[in-house]
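Working notes for the structure below.
Note that the coordinates shown come from a computational prediction; the quantities given were computed from them, not determined experimentally.
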Amino acid sequence: MGRVSYRYRWLVIAIWSALLILSLLLAPRLEHVLKGLGVVYEQGAAGQAEQLLKQELNLETNALVTIFQSPVGEPLASHRGEIEQTLDQIQRLDGVKTIARASDHPEYRTANGQTEYSTISLSVEDTQAFPVIEQIEQRLKQHSNPSLQTFLTGEPVIDRDGQHLTQMDLRRVELLALPLTLVTLLFVFGSVVAAALPIVMGVMAVAVTSGVLAIITVQVDISVLALNLTTMLGLGLGIDYSLLIVSRFREELHPEAVEQSVIRTVDAAGRAVFFSGLTVGIGLLSLLCFPVLLLRSLGLAGAIVVFVSVAAALTLVPALLGLVGAGINRWRIVPPSSLRSGIWGTIARSTMKHSIAAVAFVTALIFVLSSPFQHARFGLGDYSILPQHVPSRQGVEVLQQAFGVGETVPILLAVSAATPGELILSKPHVATLFQLVNDLKRDPRVEDVYSLFNLDPTLNLAAYQQLYGRLAQLPPALATAVKNLSSPSTTLIIVKSRTGSNNDDSRALVEKLRSLSPAGLHLQVGGAIARQLDTIQVVRQRFPLVLAAMLMVTFVVLCLLLSSVVLPLKAIVMNLLSMGASFGLLVFVFQEGHLHEWLNFTPLGYLDTLIAVTMFCVLFGLSMDYEVFLLCRIKEAYDRTQNNHLSVVEGVERTGGIITSAALLLILVTGAFALTSLVTVKALGLGIALGVLIDATLIRTLLVPATMRLMGRWNWWSPRFLRLDRFQFKVD
């Protein structure tokens, strides 16, 4: 590959340049085709219940909500004409299907008459709804005055705001991370040309991946949050892999034999990059096993950016190196740092001399850092991942203050007659549902129940049976309620809990409702709480299988690479230790709320399940990345010397500087995402940065040399029947 990349370097550069130009042309399309956050499992029991309600009652569970609120002591009645005029104008907008107004739904208005809301159903979805949302916001602003506050919220608006914040954050991260990375690379390499190549590769990886995603979205739905991971890994890995290639080229460089220098570089460092990409790709591809849009999107986008980064490092970087040749050291600004400084050998010798103490110290420290994870609570991100100044979040909070927390996350009970052809409002079913509603109202976790069977508290069961026995003679108000809440075979019961969607009481209430089996009826539970519960359950069910597959594939790859079964097992254990410490710190910061003022976010009180799974899969690959690079160097020395002690010292000494530089650059890129607006992205960026920091310091510098000293020749043991010595890889 190195030989081909050198000999056809102009063709290779031309191909990558064409890919870059094409990607830059396609990338703007992403803004219009990416889906929402995609944080729920749509095919679960809750999704099926909501689909039934949509078919039977035309119920839209992702409608917009427009809120009107007057100051304390001033009822909204004085603004009735202005409110109705505004809603009339919104109704006439293209893309608006129906509006359910407070004038037709008394439950949409508070008892004091100071707050009310209307729901707006759209005829367009996803990014096509964004222009309609902007037009609605303009209508609300035109008619707002100091004595009438208006808010627009709902799932589509929250998705839109999340996408806009993501795009702004990405630009800010790039403006912050790229200059810091360039300065760091100048100190590492000392010359502008050598420092610029990794930056070019990082930008290339992000740009080309964006172009590929723009093409893929024609057939595949991609979450907007995939852009964050693409930028994070594209810059991080693109720069890291190029750093390895460029640094090795400078070691191998002979001005009279540039071609041979390129070949030797790719033959050695290129293998490290390939196996690094393989280990990172294993973790990311495992996300495709989860039936959740966000996880699938992150897995697909992450795998693509890793492939592009590896491909660029193994083809484009060698081609550029062949072009610049000895000019790689041109425009020297600062003296280059010594990547093979003897300090790393000294640290390795000292650590191995006190190996028992080093193992005890690192293990104790990791257990301390991991301890908060024992109290981890898992939930799913909702409106609270947005900053407090975002209007769509403020709208949700206004609704919760005026109507209660349950108003924004109602539990939807879709109750159907079990026997086909039976009427849901027949006398026996009305009696059963009347009793069900009364039982629910007595549950201490329930704030309120809205249904056809408790509309008027003065009516008893016999009165409801009599009324629903003569549907054609119902009073207008009751007839409207029957139309909104029932079809011939199905009725909707809305249960409002006292607690939010990530509260244990709310989840227990949903579980209880799902366990009910009213006589002659089929009950299904929908709503945000039920959808979140479905998502958490499906992730928990599949995670053990995904973890087992990740560990098995990684173990096999490392066995073939290292010709040992002990080192792969030890590498996996150390990987899990470093990740445990990272998750403990995440609980400390994002669940318990420490340092939230510095990082500018509101504590969630839980860890986002999907972000935790993503971080685990990404960190598993990244942490194994540095472990593999170090162990490959140690194995190379051991194959030559057959001396465990000397090979460990040599491996640490030869890789210490370059791994530290690579880890520092990755920490700079991923850590910059801790300054973004969305709490979940903050957690992902900070978690990865902390994981890489722990792995590159405590694990690689102290724990690996100490444990290899204690295990001696057992490091290289493998059963004879496996014959792993058949697989000999020339490694860097």
Side-chain angles (χ1 to χ4, degrees), residues 49-50 52-61 63 65-66 76 80 83-84 87 91 97-111 113 115-121 399 402-404 406-408 410-417 422-441 446-497 513 518 521-527:
E50 292 173 14
L52 173 65
L53 291 172
K54 186 174 183 178
Q55 293 172 355
E56 293 289 328
L57 308 180
N58 200 27
L59 179 70
E60 295 288 346
T61 56
V65 180
T66 179
L76 281 172
R80 178 59 48 206
I83 293 173
E84 295 300 328
L87 293 176
Q91 178 71 75
K97 187 163 56 175
T98 58
I99 298 180
R101 311 188 185 202
S103 55
D104 299 323
H105 295 266
E107 70 275 13
Y108 290 178
R109 185 179 294 134
T110 56
T115 305
E116 69 176 45
Y117 67 89
S118 299
T119 60
I120 305 173
S121 298
L399 279 179
F403 294 91
E407 190 74 20
T408 59
I411 302 171
L412 309 177
L413 303 187
V415 187
S416 304
E422 280 191 350
L423 296 177
I424 192 65
L425 295 182
S426 63
K427 282 190 176 183
H429 292 333
V430 169
T432 303
L433 293 170
F434 182 84
Q435 183 62 46
L436 171 64
V437 168
N438 280 285
D439 291 342
L440 289 176
K441 293 187 70 173
V446 174
E447 177 71 29
D448 193 16
V449 180
Y450 180 69
S451 72
L452 292 177
F453 315 100
N454 65 330
L455 289 175
D456 188 343
T458 63
L459 298 180
N460 57 20
L461 172 59
Y464 279 115
Q465 288 176 322
Q466 184 177 7
L467 282 169
Y468 295 145
R470 300 193 303 269
L471 292 178
Q473 303 174 18
L474 288 176
L478 195 56
T480 301
V482 169
K483 179 182 177 182
N484 292 332
L485 294 177
S486 70
S487 70
S489 62
T490 304
T491 188
L492 168 64
I493 299 175
I494 301 175
V495 181
K496 300 173 184 177
S497 63
L513 293 173
L521 298 171
H522 180 54
L523 186 148
Q524 296 174 266
V525 184

Is the shortest heavy-atom distance from the side chain of [X] to the side chain of [Y] under 4.5 Å?
{"X": "Leu59", "Y": "Leu412", "result": "yes"}
{"X": "Leu523", "Y": "Pro518", "result": "yes"}
{"X": "Ser486", "Y": "Leu452", "result": "yes"}
{"X": "Phe403", "Y": "Thr408", "result": "no"}
{"X": "Leu413", "Y": "Val525", "result": "yes"}
{"X": "Asp456", "Y": "Tyr464", "result": "yes"}

Which heavy-atom pair separates [X] from [Y] by the least distance, and what is that distance?
{"X": "Gly527", "Y": "Glu50", "value": "N-OE2, 2.8 Å"}
{"X": "Tyr108", "Y": "Ala100", "value": "CE1-O, 3.7 Å"}
{"X": "Ala49", "Y": "Ala414", "value": "O-CB, 4.2 Å"}

Which residues satisfy the side-chain hydrogen bond (donor to acceptor under 3.5 Å, both in side chains) test with [X], sequence neighbours excluded?
{"X": "Gln524", "answer": "none"}
{"X": "Glu107", "answer": "His105, Tyr450"}
{"X": "Arg109", "answer": "Glu116"}
{"X": "Thr110", "answer": "Asn112"}

Once rounded to the nearest 0.5 Å, what's the spacing between atom [atom1] of [X] and atom [atom2] of [Y]?
{"X": "Gln55", "Y": "Ser487", "atom1": "CD", "atom2": "OG", "result": "10.5 Å"}
{"X": "His522", "Y": "Ile424", "atom1": "NE2", "atom2": "CD1", "result": "11.5 Å"}
{"X": "His429", "Y": "Leu425", "atom1": "NE2", "atom2": "CG", "result": "9.5 Å"}
{"X": "Ser121", "Y": "Asn58", "atom1": "OG", "atom2": "CG", "result": "7.0 Å"}
{"X": "Leu52", "Y": "Leu492", "atom1": "CG", "atom2": "CG", "result": "10.0 Å"}

Tell me, please, which residues at least two apart from [X] pass side chain to side chain contact (heavy atoms under 4.5 Å, CB included).
{"X": "Ser118", "answer": "Thr66, Leu87, Ile99, Arg101"}
{"X": "Gln466", "answer": "Arg470"}
{"X": "Lys441", "answer": "Val437, Val449, Asn454"}
{"X": "Gln465", "answer": "Lys427, Val430, Ala431, Leu461"}

For residues 477-485, please give each side-chain donor-acceptor pair under 3.5 Å, one per line with the distance, not counting sequence neighbours.
unit_1	atom_1	unit_2	atom_2	d
Thr480	OG1	Pro476	O	3.0
Asn484	ND2	Thr480	O	3.3

Q | salt bridge (Lys or Arg N to Asp or Glu O under 4.0 Å) against Lys97, all qualifying residues, sequence neighbours excluded | A | Glu60
**Q.** Residues which pass salt bridge (Lys or Arg N to Asp or Glu O under 4.0 Å) with Asp439, listed by chain and number, not counting sequence neighbours
**A.** Arg442
Q | With Phe453 via ring pair (Phe, Tyr, Trp, His ring centres under 6.0 Å) - residues at least two apart | A | none
Q | From CA spacing to verdict: side-chain contact (heavy atoms from CB on, under 4.5 Å), Leu521, Leu433 | A | CA-CA 9 Å; Leu521 298 171; Leu433 293 170; 3.7 Å; yes
